[in-house]
Every structure is written in structure tokens, then in C-alpha cells.
Amino acid sequence: MKMNFKFFKSLRFRIMIILVIIGIIPSVAVEKGIVNSYEDRAVSLRSFGVKNQCDILVNQLIKEQYLNDQSSEGINSELTMLSNVYSGRILIIDQDFRVIKDTYDIDRGRYMISKEVVRCFTEGKESSIYDRKNRYIEMTLPIYQGLEEKQQVSGVLLISVSTEEIVASIEILEQKGLMILLIIAVLVLGLGYVLAGILMKPFAKVTRAIEDITDGFQDEKISVPDYTETELITDAFNKMLGRVKSLDNSRQEFVSNVSHELKTPLTSMKVLADSLVGQENVPVELYQEFMQDIAEEIDRENKIITDLLTLVKLDKKAANVNIETVNINELLELILKRLKPIAGKRNIELVLESYRPVNAEVDETKLTLALNNLVENAIKYNVDEGWVRVSLNADHKYFYVTVADSGKGIPEESIDHIFERFYRVDKSHSTEIDGTGLGLAITRSAIMMHHGAIRVRSTEGEGTTFSVRIPLTYIG
Ligand code: ADP
């Protein structure tokens, strides 16, 4: 049942239907046309023949003054013969609309005032009507006073001729037509099925190729260049495949980075603990020192895990954003106030330049996280006695925050990588300057979540400037 339903929904079925319609409708039209024109022709031929006969007859009627005297044997037998030949009936009506002759002998003496008869008397015109439903042709012909006097109509000859024969021929024609139509229908249906199948083949090929990739039989790009359409589909699919692959790669890389980063503090702890366990009579001071180192490593592990969780939460995108109108000036002031003690320790000057008051729709916690990381980095990677300048400006659409420092800068080859997870410019520094390599990744995710942008410019040995641009109103 389900398969059947699927077939009716398929493009193949639709192409078939279109072919059938295109094939059968003209055939039906042609058949109808042929039957109709045959009918017209047969009826007009018959009418023509009947009229010729009747014209001769009317002349004879006039000549022999039949209207006054119906005893003429010759004419009577001719009338009977004519009505027999055409399996019809002839009535002759006089000026008083009375039937004076009926080949059926039924209506003689009665009156006959039909529209055609009246018209024939008044206008002197003959008429011919084909009654399709009752299958006869009816003709009226005027009978004039004399052969030369064509004005005075003194009688009417009314003849009705059966068209039974014509109808029978039409029926045979129609039957044959129907047979031919049926044959055409079957042929078109079969041909349509096969043709539609051939037309759809490339699409089946695309499906098979995609399935092969899904099942792992093939992991190259797919290519079905048979049609422009299939080429477009495969191109789009290949693009998607590329994305999936690169996503998969970055996921694998991320997992291996995470494992590595989480293992480093554990390895250090293990070394410290082993060296304590392996020695006898360890002095208490050494214990204390090593335990302090172990505690530091635990803090580090903790920080990595916290940062990772923050990143994962941010990556979930709009899942848990909490947008409200926030005064960005105050937000920056608070960040700087909190970081001032750390800067103070190394005599680093920390200044905020606000060009105008800015209120924007943001997620306060996440934006604080993002900007805090930038300022914290500016202090961390600065030189003693250096400076950090944070500025805030806005136009009608965005607000702009820059964080500039007088630090050691970022080498050119590293600039493109600093936003990657776990990337640190100089790994050997990791013991010197504390960090997980996740800070800027978090910053960028938070800014992206606000549909903002972040840029960095840096000169080694001179300093670094991060510029952030965020829309004033949140785009959902
Ligand atoms: P980390 O936890 O190491 O600070 P981040 O993701 O915050 O991780 O930064 C990545 C790397 O970018 C840092 O290790 C550092 O080498 C470099 N970096 C970031 N900010 C600055 C800056 N203001 N000046 C110089 N280098 C920076």
C-alpha cells in the first residue's frame, strides 16, 4: 500500500500522466472531429439528394395541378416510391394548411401549421432541418401556382427522411475510434512508463551515489553530470559533504585538544605525587611545596573545565540568552574596576575613554565575559609599566569597544589562529603566563551570539588592539 502511494507521488508518475494527457487529448479531439465532419457531410449529401428528387416532384405536381386533383396515379406512385427509398414520409399541404396527401395515410384531412410550413407559405422559401436526436431530416418545399409564377405559393411539400443509416455508420465509426483510442492509450501509457523511467534515471543515480556515501562505500565527491539539475544537486551535496567533513575534523581536533589539555595538569600531579610516594623520610617542607603545586594544577584543571563549559553553553546559541537593555559605560567601568588590582601589581595604567553614553540590548553576563577576557589579556600580555586603553563609542546602529595595549603584540603568523580553541601563541609561556587558550574563543562566541564582529590589529613589540562592534538592538 505504502509503495503504491509512493509511486503516485513520484515524478515518474507525473511525467507519465503528462505524456498520457499530451498523447490522448489530441487523439480524442481528432476522433470527435472526424465523426462530426462525417456526420455533417453525410447529412448534407442526403439533404442534397432528397432536395433534387423533391424539386423534380414539385415541378410535376405543379404541372399536373396535383393540389386540385390528387388522383394522378403516376404522381401517387412516385410519392410512395420516394418515401420508401428514403424510409420517410411525404405530406402535401394546401393553402388552407390542410394535409391533402400523406404517404402514411394518417394525417390526411388534418391541419398542419408548423413554423416551417407557415414560413414556406409566407416567404416562399424552402427549409431543411436536421433533428439529430430523433434522427430525421425535415424539408419543406413551396409548390407554386404555376411553373412560371414563382410568387404565389399555393401548397407545401413536407418530407421527413430518416437518418437512421447515417447514425448507424456513425456508431460504427465511433466504436472503431474508441478502439483506436484505447490502443493509443495503452501504447502511450506503456511508452510513458518506460520514457519516464529513462528520464528519471539520473535522479536515481544521484540517490544511489548519496546512499553509497552514507553507507561508507565511497567517500569521494559524487558526480552525476547527466542533467544540469542533477549537476546542481550533486554540487550542492558535495558542498554540504565538505562542510560535514570539516565539522567532523574540527570536532575530532577539539576532542583531542580537550583530552590533551585536561591530561597535562593530571600528568603534573601524578609526577608530583609519585615523587613524594617514592621517597622515604620526605621532609614536611617538601610535602607542603609539592602539595601547593598539586593544588595549583587542580585550579588549572578546574579553570579549563569551567572555560570549556562556558564555551559549550555559548555554542548552544540562542538557547539561553538573557537580553536586556544595559548601560555599556557602567559595564566597562565595572570590568576595569575589578581588573585594576591585577594591573596595579605590574604598574600598568588602565584607562577608559567613553565618548558618549551607550545603552544597548545585550546579554550582560556573556558580554561581560567577552570584554573581560580582552582587557584581562591586554594586561596579561603587557609589559610592566605599560598601558591599556579601553574606548567606547557608538553610532545610530552599533556600539564600538576597542581594547588597545602596549604589550608584546602577536606575531603575524599567529594572528589568524588566536580565536581558535586552545590556541596559545607561545606554548612555552603557558607556565609563565596563566591561561587555557580558550579565552578568545569564548569572547568571539559571545560576540557572534550578539551578531557582532571582532577584529584584531597587532605589531610585535608595540602592542595589540582588539576592536569589537555590536548592534545596539538585539537581532533575535
Ligand atoms: P589564553 O588563556 O592563553 O589567554 P586566549 O584565547 O585568551 O587564551 O588567547 C590566545 C592567545 O592569544 C594567547 O595565548 C596569547 O598568546 C594571544 N593574545 C591574546 N591577547 C593578546 C594581547 N592583548 N597581546 C598579545 N597576545 C595576545
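Each residue takes its place number in the sequence, starting with 1. Both counts, for ligands and for their atoms, begin at 1 and track the order of listing.
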Closest protein heavy atom (residue, atom, distance) for atom 10 (C) of ligand 1: Tyr423 O, 3.3 Å
Min heavy-atom dist Gly409 to ligand 1 below 4.0 Å: yes
Atom 8 (O) of ligand 1 [closest protein heavy-atom partner, distance rounded to 0.1 Å]: Gly437 CA, 3.1 Å
Val456 side chain reached by Ile415 side chain, heavy atoms, under 4.5 Å: yes
Taking atom 19 (C) of ligand 1 as the reference point, the nearest protein heavy atom with its distance: Asn377 ND2, 3.5 Å
Closest protein heavy atom (residue, atom, distance) for atom 6 (O) of ligand 1: Leu440 N, 2.8 Å
Side chain to side chain, Ser391 and Asn393, heavy atoms closer than 4.5 Å: no
Minimum-distance protein heavy atom relative to atom 23 (N) of ligand 1: Asp405 OD2, 2.9 Å
Geometric class of the Tyr193/Phe7 ring pair [parallel <30°, tilted 30-60°, perpendicular >60°]: tilted
Ligand 1 contacted by Glu376 (non-hydrogen, < 4.0 Å): no
Contact with ligand 1 for Thr436, non-hydrogen, under 4.0 angstrom: yes
Salt-bridge contact Glu171-Arg135 (side-chain N to carboxylate O under 4.0 Å): yes
Salt-bridge criterion met for Glu460 and Lys408 (N-O under 4.0 Å): no
Polar atom proximity, Val425 to ligand 1 (N or O, under 3.5 Å): yes
Side-chain heavy-atom pair Leu371, Leu332 within 4.5 angstrom cut-off: yes
Note: Arg346-Glu385 ion pair, threshold 4.0 Å (strictly below): no
Ligand-side contact atoms (ligand 1) for residue partner Gly439, heavy atom cut-off under 4.0 Å: 5 (P), 6 (O), 7 (O), 8 (O)
Protein contact of atom 12 (O) of ligand 1 - nearest heavy atom, named by residue and atom, plus distance: Ile418 CG2, 3.4 Å
Atom 26 (N) of ligand 1 [closest protein heavy-atom partner, distance rounded to 0.1 Å]: Ile410 CG1, 3.3 Å
Residue part near ligand 1, for Lys380, under 4.0 Å between non-hydrogen atoms: side chain
Closest protein heavy atom (residue, atom, distance) for atom 15 (C) of ligand 1: Tyr381 CZ, 3.5 Å
More than 12 heavy atoms from other groups under 6.0 Å of CZ on Phe48: no
More than 12 heavy atoms of other groups within 6.0 Å of Glu353 CD: yes
